[in-house]
Structures are given as C-alpha cells and as structure tokens.
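Down below is the structure, laid out as structure tokens.
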Amino acid sequence: MEDQRNMLADQLLEKKVNEILMVQDAIAAEMDQNPDFVKKINDNEQKYAIQEYVKDNLVLPEVASQEMVREYFENYYYQVQFRQLSVRTKEEAEQMQAKVLDGADMDALAKEFSLDSKNLIGGLHNLLFWIDVENIFRDQLTSMSVGQLSDIFPINDAFAFIRLEKKLPLDEDLYPKFEKKINSLILGQNRQVAWDGFVEKIIEENPFQEDIAIMMSVLADSGIVLEPEFSRIQPGNIIEIKNGNGISGTEFREKLSFEFKSDTTIPFSKIFNDTRDLVMKELVLSKLAKEGGYFDSPNVIKRTNQDWESELIQFYLNETVVPNITFNRKEFDEFYQLNLDNFRGPDEVRMNFLILKDKPDAEIASKRLRDGADFGRIFQEYNHGQEISTGESKFIKMTELSSNIKEALKTMEPGQSSLPIEMGAGYMVFRLDAMKKGTVPPIEMVEIDIRRAIYQKKFNDILDKNLDLLRTNSEIIRWMDRIDEYLNPAGESN
C-alpha cells in the first residue's frame, strides 16, 4: 500500500511537471494571445455568466402535483403481453399471418421463422408495463383487443405483425412502488416547460434582426456543408440582437457545419433551424447576463480562471501534436491483420429448442435427450403435427442469448442437450447442434476503430518526444520538503 501511494504521488508530480512545461512553452510561443484561444476563454466566461444569470432568474417547480403523478400511473402502468413474428418481406409476413388466422400455432411459427431476438421464446413479449413498450408496438396495440392480430408493419429490416395476448387491469398495489419514479419524471417535464417558457419570454422581450441575404446564401450552400469551403469567411452579422451582440455569417456557418458533422442523418433544414434557435438563445442570455453584471461575478471569474490552464494545454496539444499525426493505408492494413481476434464478432451457436409448460415434462424430455433420444421425435411428441428440421436452424450470436442459456453452454459440446431452463413462458430444453467462432468484419467496417487506435498511439509518441525535448531544455528543480507538504497537507505520515 505504501509503495502504491508513493508511485501514485510520483505519477501526479510528473503529470504536473509536464503540464507546467507545456504551459510555459505555449506562453513563450504566444499561444495565449491567439484569437482562437482567446475566443475559447471568452466562450467559457459567457457560459458561466449565463449559468449564474439563469440560476438567479429562472424559477423552477420543486414538486409535481399528486394529480399529475396519479394520471401518469393510470396511463402508463397497466400491463400487456403480446407475441411478435418478423420475416424478411411483406409477402412472407402476409403468408405467416394467414397461417395464424387459419389456426396455426404462432408460437411455433415464430420459433422456426421469426428473425427478431424473441424467436427463441416464440416471439413472446411477456407482461410489459405500457411505459416499457416500444412506440412501434404501441402504435399497433393501442387499438387492439385481446386475441387480435395487428396489421403488418415494417420494423428494422423486416416486416412483422403482433398478437395481443393479455391486457391486465391496473394493479393499485404497485402505485407506492412507482410513485417516486413518476414524480421525478413529471417534475423533469414540468421544469423543461418552465425553461422553454422562460426562453420564449426573454426572446420576445429582446427583438432580433436577421440578414436575409446571408441566411439565403447559407441555405444555398447546404450541398457542400461537409466541405471546407462551406465555412468560408462571410463578414456581417447573420443574426443580431438589438442593443447587444450578434453572430457573423462565418461563425454561424462553423456552428452549423459542426452540428451537421455530429449527425449527418438529420436533415440540413432541421439543423439549420435548431442552430438558429440556439444562437438566438445564447445571444439574448449573454446580453441579459452582461446587463446584470454577471460577467464580473466572483464565481464566474473564478471558474473562468480555473479553466484557463487546461484550455491552454489543450490548445497547445492541438497546435503542436495533432497536426503532425498522419496515416497511410499500409499501417491500417497491418494493424487490421495483427488484431483480427480483437475485431472478431461474438461466437455463434446453432441450436434446436423445445419449450414445455410443466417442469416434470421438461425434466423427462431433457433426460431422454441426454440419454440419446432423437430430438425431432421428442419435439413431435410434445408438439403434435409440427415439423422441425433438426440441424438446419440459423446460427445465433452468443450475445443474443440469455445469461442462463450462455451459462449452460459453457459445459456443453455439439450434439449434447441441456437440463431444463426456466423461462417466462415455461421451461426450455435445447440441443446444441454446432458452434463456430465469430466472423471478422471487413476492414471498412472497423476503419474508424483502427484510426482511433493508431491516432492515440501516434499522439502519445509525439507528445512524449516533445516533452522529452522540453525537459532537456529546461531546468527542473524539486524542493522535496515543499512537495511532501503539498502531498500531505495535514501532516500525514507516509
């Protein structure tokens, strides 16, 4: 323990030495005067000033009313149970739905043909609170009666239909259990409403001017939002608050480009409108914080100063290390080949399943299978009229299996059958037909991970080389008595 403590103290000390060296080198290079760094510090100052202003001027509700909590409980905490069957095409779904309507067992069909993760238990979604049902299923279930089949609907890369099997009345005994959780949720919603109303009011009271010409030029460049030329210099404010600050076309383009690159699946028009709203909110809050003297608040000054050193170090790294990191195709290929097992997906298994309602039946079936009985014959004994093609089921990723099935598989080999495993719909017995290692994805699918790993190694190597050079050209004096006092401020013994 003593050695570990001393080692940690040495690491912290060396980290601090490195930080001081980088700060000194950054100041010597006048990076602290760089306009981009100054802007970052000013942005932090504005952020903290706005936070102080909001804390003093926004009144948030402290509690949620019991009426709202009760209403939420009644609307979202009854339970439903339904069964799902998903196949690749709409035509296949129509065929499966027709079979179920003609009397076929949907449980068995789902086990054999369904593509979703519930196929192992016959597509069963066992007794869920309405709050926990995914919206795509809620849309169907809302108008369904017990026993009714839904229309066919698209889900992920498949087409599905569901059957509502149970709808339980509200259990009043559960109200005390969920009351606190619902209260927190309602309170969060009420606070969001209060915040939205606060922002709407201050924006109404502080009118804006917008340069339509600049707005239109930004919209016209939507096709090149991912290109460097999108963030071209565009002087003049695109949005300006009366008696306050504004944001230039250049700054607006940079914000817009950053947001779009964060998620390119969102339409440009939505990101444009969201960025515009965000800018307006920041401008008016900054104006009000400045008028209220919050930029000169001791707490804002303290927080801004605390950030100054870490922000300068980050700026220094971005200027001295990041630009020197380069990549080439050969090193990507080499890294991929050396780390194939790290990229490999989860192992896969192929199994046949038998679901039985009663434990004694499951125990008998399991024993017979483990004694060498044919799985197909045993399956038909308990599922009259249903066929099963043993050894032809699809492979399943280990990560898609429940923990109790994975635990059973640890001691099994292909050809062996399991002991009964308790499930939500009864007891499961399965036979393991085959096992195989997970597949390795093509390099294109893991290129981001490779880039991240190579980037981090090169970053560390370049930084270490720079720090070695700084140490060589610096005189580092360690006053051990002061270091001991710093590490043991209360006079603790080592």
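Ion pairing between a basic and an acidic side chain is recognised when a charged N comes within 4.0 Å of a carboxylate O; Arg329 and Glu447 show such pairing. Salt bridge absent: Arg451 and Glu331 never bring a charged side-chain N and a carboxylate O closer than 4.0 Å. Ion pairing between Lys255 and Glu259 fails under the 4.0 Å rule for side-chain N and carboxylate O.
In summary, the side chains of Asp333 and Gln337 do not present any donor paired with an acceptor at a separation below 3.5 Å, with no hydrogens or angles considered. Counting only N and O atoms by type, the side chains of Arg471 and Asn18 include a donor and acceptor under 3.5 Å apart. In summary, the side chains of Tyr48 and Asp307 do present a donor paired with an acceptor at a separation below 3.5 Å, with no hydrogens or angles considered.
Just one of Lys458, Lys465, Lys457 meets the side chain to side chain contact (heavy atoms under 4.5 Å, CB included) condition when paired with Asp461; it is Lys457. No option in Asn206, Asn57, Val54 other than Val54 meets the side chain to side chain contact (heavy atoms under 4.5 Å, CB included) test with Leu285.
The closest donor-acceptor contact from the side chain of Asn119 to the backbone of Leu115 lies at 3.5 Å or more, if one exists at all. In this structure a side-chain-to-backbone donor-acceptor pair under 3.5 Å is missing from Asn339 to Asn342. Checked by atom type and distance alone, the side chain of Ser262 pairs as donor or acceptor with a backbone atom of Phe258 at under 3.5 Å. Ser114 places no side-chain N or O within donor-acceptor distance of the main-chain N or O of Gly123, the cut-off being under 3.5 Å.
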Check the pair Glu67, Arg70 against salt bridge (Lys or Arg N to Asp or Glu O under 4.0 Å), reporting the backbone distance first and the verdict last. CA-CA 5 Å; Glu67 292 78 8; Arg70 178 70 201 181; over 6 Å; no
Would you please test Phe153 and Phe161 for ring-ring contact (aromatic ring centres under 6.0 Å, His included) and show each step? CA-CA 6 Å; Phe153 58 95; Phe161 62 92; 8.7 Å; no
Start with the C-alpha gap between Glu165 and Arg163, add the side-chain angles, then the distance that decides, and say whether salt bridge (Lys or Arg N to Asp or Glu O under 4.0 Å) holds. CA-CA 6 Å; Glu165 302 202 336; Arg163 180 174 68 198; 2.9 Å; yes
Using the ring-ring contact (aromatic ring centres under 6.0 Å, His included) rule, take Tyr76 and Phe129 through it: C-alpha gap first, then chi angles, then the decisive distance, then the call. CA-CA 7 Å; Tyr76 291 100; Phe129 290 109; over 10 Å; no
Pair Asp341, Arg344 - check salt bridge (Lys or Arg N to Asp or Glu O under 4.0 Å), show working. CA-CA 5 Å; Asp341 284 338; Arg344 189 181 301 278; 3.1 Å; yes
Does the pair Arg138 and Glu134 meet the rule for a salt bridge (Lys or Arg N to Asp or Glu O under 4.0 Å), with working shown? CA-CA 6 Å; Arg138 277 196 209 175; Glu134 293 179 54; over 6 Å; no
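In this structure, Phe178 has its ring center at least 6.0 angstrom away from the ring center of Tyr72.
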Atom pairs and distances, side-chain donor-acceptor, residues 26-41, under 3.5 Å, sequence neighbours left out:
residue: Asn34; atom: OD1; partner: Asp36; partner atom: N; Å: 2.8
residue: Lys39; atom: NZ; partner: Asp43; partner atom: OD2; Å: 3.0

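Within a 6.0 Å radius of CG in Asp464, other residues, nucleotides and ligands contribute more than 12 heavy atoms. Annotation for Glu229: atom CD counts as buried by contact number, over 12 foreign heavy atoms lying within 6.0 Å. A 6.0 Å sphere centred on CG of Leu338 holds more than 12 heavy atoms belonging to other residues, nucleotides or ligands. Atom CD1 of Ile448 has 12 or fewer neighbouring heavy atoms from other residues, nucleotides or ligands inside a 6.0 Å radius. No more than 12 heavy-atom neighbours from other residues, nucleotides or ligands sit within 6.0 angstrom of CG on Asp157.
Here Ile162 contributes atom CD1 and His125 contributes atom NE2; the two are 7.5 Å apart, rounded to the nearest 0.5 Å. For the atom pair CD1 of Ile247 and CE of Met280, the computed distance is 11.0 Å after rounding to the nearest 0.5 Å. Note that the CD atom of Glu334 and the CD1 atom of Ile454 stand 9.0 Å from one another [nearest 0.5 Å]. Here Ser150 contributes atom OG and Arg83 contributes atom CZ; the two are 14.0 Å apart, rounded to the nearest 0.5 Å. To the nearest 0.5 Å, the span separating CD1 on Ile202 from CD on Glu200 amounts to 11.0 Å.
Classified by interplanar angle (parallel below 30°, tilted 30° to 60°, perpendicular above 60°), the ring pair Tyr53/Phe198 is tilted. Taking the six-membered ring where tryptophan is involved, the planes of Tyr175 and Phe73 are perpendicular, since the angle between them exceeds 60° and thus also 30°. Using a 30° and 60° split on the angle between ring planes, Phe327 and Tyr455 fall in the parallel class, below 30°. Relative ring orientation between Trp130 and Tyr78 is described as parallel, the plane-to-plane angle staying below 30° on a 0-90° scale split at 30° and 60°.
Figure legend: Lys290 and Phe295 shown as a cation-pi pair, the cationic atom lying under 6.0 angstrom from the six-membered ring centre and within 45 degrees of its axis. With Phe208 as the aromatic partner, Lys242 does not meet the cation-pi criteria of under 6.0 angstrom to the ring centre and within 45 degrees of the ring axis. A cation-pi geometry, defined here as NZ or CZ lying under 6.0 Å from the six-membered ring centre and within 45° of its normal, holds between Arg253 and Phe230.
Between Ile155 and Ser86, the shortest heavy-atom contact is CG2-OG, 4.3 Å. Shown here for Met22 and Ile313, the closest heavy-atom pair between the two residues is CE-CG2, 3.9 Å. The two residues Ile450 and Tyr336 make their nearest non-hydrogen contact at CD1-CB, 3.9 Å.
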